[in-house]
Amino acid sequence: EVFDYVIVGGGTAGLVVANRLSETPTVRVAVIEAGGDERNNPNVTLASGYITMAAYNTPIDWAYQTVPQPGVNNTPLTYHQGKAIGGTSAINGMAYVRSNQADLDAWERLGNPGWNWASLYPYSMGAENFTFPGPGLQASGVTFDAAVHGYSGPIHTGYGSALGNMTLTPAVQDAWEELGLLPNVDTGRGKNRGVSANPLTLEPGSPSIRCDSARAYWYPVEDRPNLKIIKGTARRLVWRKNNKPCSKKANTATGVEYLDEDGQAVVLSATKEVILSAGSLRTPLVLESSGVGNQGILKRLGIPVVVSLPGVGENFQDQGNNIVFYNTTANATGAVVSQTWASPADVFGSDLADIANSTRNELPRWADLIVSASGDAGALLNRSAVEAVLRAQHDLVFGDSEGATTLVEFVTTAFGNGMLMSQHWTLFPFSRGSVHLASADVSKINEPRIDPRFNLVDFDITAQTQAAKLAARLGKTDALGPLVSERIRPSLDILPENATDAQWREFIKTTLDVDHHIVGTAAMMSRDLGGVVDPELRVYGTANVRVVDMSVIPLHFSGHPVATLYAVAERAADIIRRSPLYAA
Ligand SMILES: Cc1cc2nc3c(=O)[nH]c(=O)nc-3n(C[C@H](O)[C@H](O)[C@H](O)COP(=O)(O)OP(=O)(O)OC[C@H]3O[C@@H](n4cnc5c(N)ncnc54)[C@H](O)[C@@H]3O)c2cc1C
């Protein structure tokens with residue numbers, strides 16, 4: 001079969017592109033997806049399933065293992081990722097939170113004209129279909145700004161009944177207020193600092209149903225004769241025969257080779273473009289299998305180099321997550337979630353200026369660390385380019401306009417059994433990791449070598465430590481203190497009231513877990529900065545291969561991924577539809 005566009009990965013972003021490109025009936029679109037149709041799987045559909053992690057380690061979870069992490073007690077960590085039509089949106093936490101405006105504006109300064117808050121906000125509004133919180137939730141303190149939500153898009157957002165008992169919400173809000181963080185009416189406005197109860201990607205009701213990208217973007221159009229989802233595992237791009245490897249001309253892909261359900265290799269032809277949407281952990285692998293990547297790595301794997309792009313699989317950023325747990329005497333039923341976004345000043349207080357200056361001076365050393373930790377890849381990474389990207393991140397976090405961004409997110413969840421959990425993560429880690437093919441052997445196609453390198457840069461531990469101490473103060477506030485019966489993690493035996501910073505840092509390093517918010521592994525940046533795709537999301541050195549998924553995000557941001565990713569994917573689809581090839 002021949003298609004105009006072949007999309008690799010029917011996940012969160014891939015289905016947005018598939019839906020939009022197939023709106024024109026004469027345009028033939030195929031999606032290759034390794035997972036299946038999970039619309040009848042309660043571990044996907046029931047919004048409450050996330051709280052019990054019902055989908056983890058089931059057949060719809062890739063459950064990748066990282067290499068042991070020296071910065072986390074030398075332990076390997078697990079990356080849960082969705083293996084389903086709908087991808088990771090079928091198993092994620094459903095939080096729908098836009099970023100700070102400044103975070104997206106920073107992308108533009110990395111060689112991406114037109115990629116900023118102003119251009120993405122209309123797409124985010126257009127993708128959303130918001131339902132107001134009910135009177136009960138509003139009476140418990142849930143606020144929103146009706147003007148910053150969309151009402152006719154495919155993604156349903158709202159507040160779930162199963163998650164909706166808000167018994168502890170006022171106490172949590174008051175506790176944060178005592179620590180200087182006031183309620184924020186709505187994070188959808190591009191200013192996240194403060195405390196808010198955020199919408200989720202679900203269809204409110206009883207029970208609330210998860211609205212993943214399959215429900216939003218595929219089920220409504222699955223009968224289109226020009227749109228087909230094919231079950232299989234994409235292996236590599238097929239290049240036009242007369243394209244010599246490393247030719248000066250842009251390389252043209254004519255299709256994709258994938259393994260069908262019996263493990264047989266099949267080639268699917270694409271007459272116009274191939275779009276990679278396999279996610280941050282898998283898109284780099286398809287590129288590398290196709291000869292696009294770091295020459296050192298490709299040569300070691302025995303893969304002929306088609307395009308030398310050292311940034312493929314590098315620039316890996318995830319936000320390490322630590323948890324402080326309390327037992328309370330509160331009688332909350334169901335899970336109550338509130339999110340608190342703290343600025344650098346909230347986190348570092350009067351030390352902020354010193355931290356900003358000292359870390360600025362450290363940037364060259366951090367770049368050295370990142371480059372040398374990259375092993376084979378490091379030999380070709382440009383140290384001053386890595387430093388320039390870190391500097392852009394530093395400018396964003398510690399720039400002049402204090403309050404433009406936030407540095408730490410706290411998710412405070414009250415469980416029905418009286419447990420109160422405060423998770424927190426540094427939104428802009430300066431460590432950088434990588435993901436690469438572990439082997440060119442096709443039997444290892446689903447086994448990436450993932451090395452997030454958590455805590456490679458010491459600043460990340462410092463920020464997490466300050467944040468953990470803030471989370472520990474939460475349990476001692478006037479509002480929450482009387483309800484807290486015990487701090488169970490870290491217990492006072494392990495970290496007494498007078499624990500030193502060194503002890504807190506040890507707690508951070510031994511208990512850190514992944515946040516599943518991976519970005520940057522096929523970054524949209526100028527090529528000399530180590531970018532993999534240009535501002536039209538086209539892979540450098542290729543004529544017709546694009547990437548549309550979380551891997552293109554060059555720098556992390558203060559928000560939860562999908563609200564921004566849906567906007568990116570909608571904008572990407574528009575870019576493709578406006579290109580002359582689409583209508584040809
Ligand atoms: C446990 C968890 C909780 C999260 N919570 C939240 C949250 O509350 N809010 C939020 O905004 N974000 C959250 N995230 C992050 C967010 O869901 C992801 O960043 C986002 O969904 C990634 O979208 P994507 O399109 O890049 O990739 P995916 O949605 O993962 O899509 C990639 C697709 O490609 C398929 N695939 C991969 N390789 C191949 C191949 N070789 N051939 C064919 N198919 C392939 C996969 O099966 C998958 O369907 C969470 C993530 C996890 C794991």
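The first residue in the sequence is number 1, and the count goes up from there. Atoms within each ligand, like the ligands themselves, are counted from 1 in listed order. What you see is a predicted model, and the numbers here were worked out from it, not measured in a lab.
Taking the six-membered ring where tryptophan is involved, the planes of W425 and H517 are perpendicular, since the angle between them exceeds 60° and thus also 30°. The aromatic rings of F557 and W107 stand perpendicular to each other, their planes meeting at an angle above 60°, with 30° marking the opposite boundary. Below 30°, between 30° and 60°, or above 60°: for F130 and H149 the angle between ring planes is below 30°, a parallel geometry.
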Working for side-chain contact (heavy atoms from CB on, under 4.5 Å), residues T413 and V411: CA-CA 6 Å; T413 308; V411 176; 3.8 Å; yes
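Under 4.0 Å from any atom of ligand 1, one finds heavy atoms of residues G9, G11, T12, A13, I32, E33, A34, Y50, Y56, W62, H80, Q81, G82, K83, A84, G87, T88, S89, N92, G93, M94, A95, G232, T233, A234, S277, A278, G279, R282, H516, H517, D549, M550, H560, P561, V562, L565.
Each of N455, D318, T426, D460 was evaluated against S431; a single residue qualifies, D460, per the side-chain hydrogen bond (donor to acceptor under 3.5 Å, both in side chains) test.
For the pair R282 and W62, the cation-pi test (distance below 6.0 Å, angle within 45°) is passed.
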